[in-house]
Protein chains: 2
Amino acid sequence: MKDRPAGKFDRRRDELAESALLTLGELGYARASLREIAGNSPFSHGVVHYYFSDKTELVIYSVRHYKARCVTRYDAVVSDSTTPGELVDAFAAKLAQTIRDEAPMHRLWYDLRTQSMFEESLREAITEIDGTLEAMIWRVIDRYATLCDARPSVPAPTAYAMLDGLFQGALLAYTTSGEPVLDGLAAQVRTVMPLLVSAADPTRTGGQR
Amino acid sequence: MKDRPAGKFDRRRDELAESALLTLGELGYARASLREIAGNSPFSHGVVHYYFSDKTELVIYSVRHYKARCVTRYDAVVSDSTTPGELVDAFAAKLAQTIRDEAPMHRLWYDLRTQSMFEESLREAITEIDGTLEAMIWRVIDRYATLCDARPSVPAPTAYAMLDGLFQGALLAYTTSGEPVLDGLAAQVRTVMPLLVSAADPTRTGGQR
DNA sequence: GCCTCTCCTTGACACTTGTCAAGAAAACTT
DNA sequence: AAGTTTTCTTGACAAGTGTCAAGGAGAGGC
């Protein structure tokens, strides 16, 4: 057996992953069949089992493939903002924009995360990705606190869970009502962010208010 | 045709709904088949279509049936607490306890809410129930603010989304790690609740800090 | 007893699903 | 060009799905 040219093989896997994401985002995990997925690709339905051993493996590979691109979404926000207000505005705008641009992917993410509560096989990958998302959000909060000359008032998991709740609520509302709700999301974020930091060590600054 | 004794008919529907909840909570919406549901009931699989026209109708009826019981879960907390600290502690304890007692039901709820983003037919019922949950949470927040002699610092949808995020995160963690995470939830709630209210109209009290 | 109506079971239907094996087609090697 | 390996298609399989129709079982009225 010859060495597999890992590049070629992996490129096909990525190609299939893209098609899978398209279908999964549209139909959700439960209703996305391998035939439907293959139908959204240049290949036929049998090829999936040449590149993946399982439907589960395909799904996990796909969502990893996607989330890998996404964990840097707010990095520019973090690095380019120079004032708290600027950061909050940029962050809020980015949150709303990604719902506009990638609603199906976000729906898929929440779908998979929920399914992972029922299906053990998804749990490990989902847990890991969720951790990277928490870290992603925490970088924003941490930077925001720094720009405020303050400290986060809640730990990372709490901040992530709260903002995730806002985001998920907005996604849900967006699915029902579309565009108009996104302004509301931005407003929510502007309201909430200040609550997530409190005055830094008062021996140094004496507090902000 | 004789008048249907509405009581009998509805009691059977409720009975089937209970069995459906059992199965749905265990397997999730996608994997819970009508045969499996009937298997958890005293009846055979065909009877479902005698009492419900659809699988969807059964599911919606079931979740409505369940949530109707639940929207009062925190009412005692609201009415029995006389200090902010007492309320927060009771609320936090109740949140943790319901995860302990009814994790499958909560998993089902999040499953259905997520599926409603893919399946139009679920949306109306889910949206309505979500509204009642928001109201349920808001009663807690409102009471808390009153006891603090303060006002909520965020509107109802925001407060609900944030606490829902915390709760969902805890449910997820509980599914993976079990009991130990529930103390964390209580701690999170104690941290977050004070952030959701701010000093009442300063012309009246002069502020708390 | 018999008839009628409600309630429930059984068994079938059309369809979809993930999986896999057999072999065609394409790519690469020599 | 021939042979070999990689890649992909086709078609089938068994299992499972929601749905429904035919008819049995049981109760209650006459």
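Residue numbers start from 1 in every chain, and the chains themselves are labelled A, B, ... in the order their sequence lines are given, proteins ahead of strands.
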Colleague: Return the value, rounded to whole Å, for the distance between atom NE2 of H45(A) and atom C1' of dT16(C).
Modeller: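 After rounding, the gap between these two atoms is 12 Å.
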Colleague: Name the closest nucleotide to the S33(A) side chain, picking from dG18(C), dT19(D), dT9(D).
Modeller: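 Shortest atom-to-atom distance from the side chain points to dG18(C).
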Colleague: Counting only heavy atoms not in E26(B) (residues, nucleotides, ligands), do more than 12 fall under 6.0 Å from its CD?
Modeller: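 No, because the 6.0 Å sphere around CD of E26(B) holds 12 heavy atoms or fewer from other groups.
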Colleague: Rounded to the nearest angstrom, tell me the gap between atom CD in E36(A) and atom C1' in dC15(C).
Modeller: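 Value for this atom pair: 14 Å.
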Colleague: Can you confirm whether R31(A) is buried at CZ, in the sense that more than 12 heavy atoms of other residues, nucleotides or ligands lie under 6.0 Å from that atom?
Modeller: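 No - once you tally the heavy atoms of other residues, nucleotides and ligands closer than 6.0 Å, there are 12 at most.
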Colleague: Nearest-Å distance, CZ (F9(B)) to P (dC5(C))?
Modeller: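 It is 18 Å, rounded to the nearest whole Å.
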Colleague: Scan S44(B) against the nucleic acid and name what it touches under 4.0 Å (heavy atoms): base, sugar-phosphate only, or nothing.
Modeller: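 The residue S44(B) makes base contact.
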Colleague: With rounding to the nearest 0.5 Å, note down the distance linking CG in L112(A) to CD1 in I129(A).
Modeller: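 Result: 8.0 Å between the selected atoms.
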Colleague: Is it true that E36(A) and K55(A) make a salt bridge, defined as a side-chain N closer than 4.0 Å to a carboxylate O?
Modeller: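 No, no charged N to carboxylate O under 4.0 Å.
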Colleague: Mind calculating the distance between CZ (R13(A)) and P (dC8(D)) to the nearest angstrom?
Modeller: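 Whole-Å distance recorded here is 13 Å.
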Colleague: By nearest nucleotide on DNA chain C, pick out whichever of R31(A) and P42(B) is the more 5' one.
Modeller: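 Checking each residue's closest nucleotide, the 5'-ward one belongs to P42(B).
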Colleague: Among dC8(C), dT9(D), dG11(C), find the nucleotide with the atom closest to the side chain of V47(A).
Modeller: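 Within the option list, the nearest is dT9(D).
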Colleague: Which one, dT6(C), dC20(D), dG18(D), comes nearest to the side chain of Y50(B)?
Modeller: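 Looking only at heavy atoms from C-beta outward on Y50(B), the closest nucleotide is dT6(C).
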Colleague: With no hydrogens and no angle check, just 3.5 Å: does a side-chain donor-acceptor pair link Q168(B) and Y110(A)?
Modeller: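 Not at all, the side chains of Q168(B) and Y110(A) share no donor-acceptor pair under 3.5 Å.
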Colleague: May I have the distance from H49(A) (atom NE2) to dT6(D) (atom P), rounded to whole angstrom?
Modeller: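 The distance from NE2 of H49(A) to P of dT6(D) comes to 20 Å, rounded to the nearest Å.
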Colleague: Starting at CZ of F52(B) and ending at P of dC7(C), how long is that distance when rounded to a whole Å?
Modeller: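 Spelled out: CZ on F52(B) to P on dC7(C) is 14 Å.
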Colleague: Output the rounded distance in Å from CD1 (I37(A)) to P (dG18(C)).
Modeller: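 My rounded result for the distance is 7 Å.
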Colleague: Does R35(A) or Y51(A) map to a spot on DNA chain D nearer the 5' end, using the closest nucleotide for each?
Modeller: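 Taking each residue's closest nucleotide, the earlier one in sequence belongs to Y51(A).
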Colleague: I need the CG-C1' distance between L34(A) and dC20(C), as an integer number of Å.
Modeller: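 Rounded to the whole Å, the gap is 12 Å.
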Colleague: Give R12(A) one of three labels, base, sugar-phosphate or nothing, depending on what nucleic acid heavy atoms sit under 4.0 Å from its own.
Modeller: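 Here R12(A) touches the backbone only, sparing every base.
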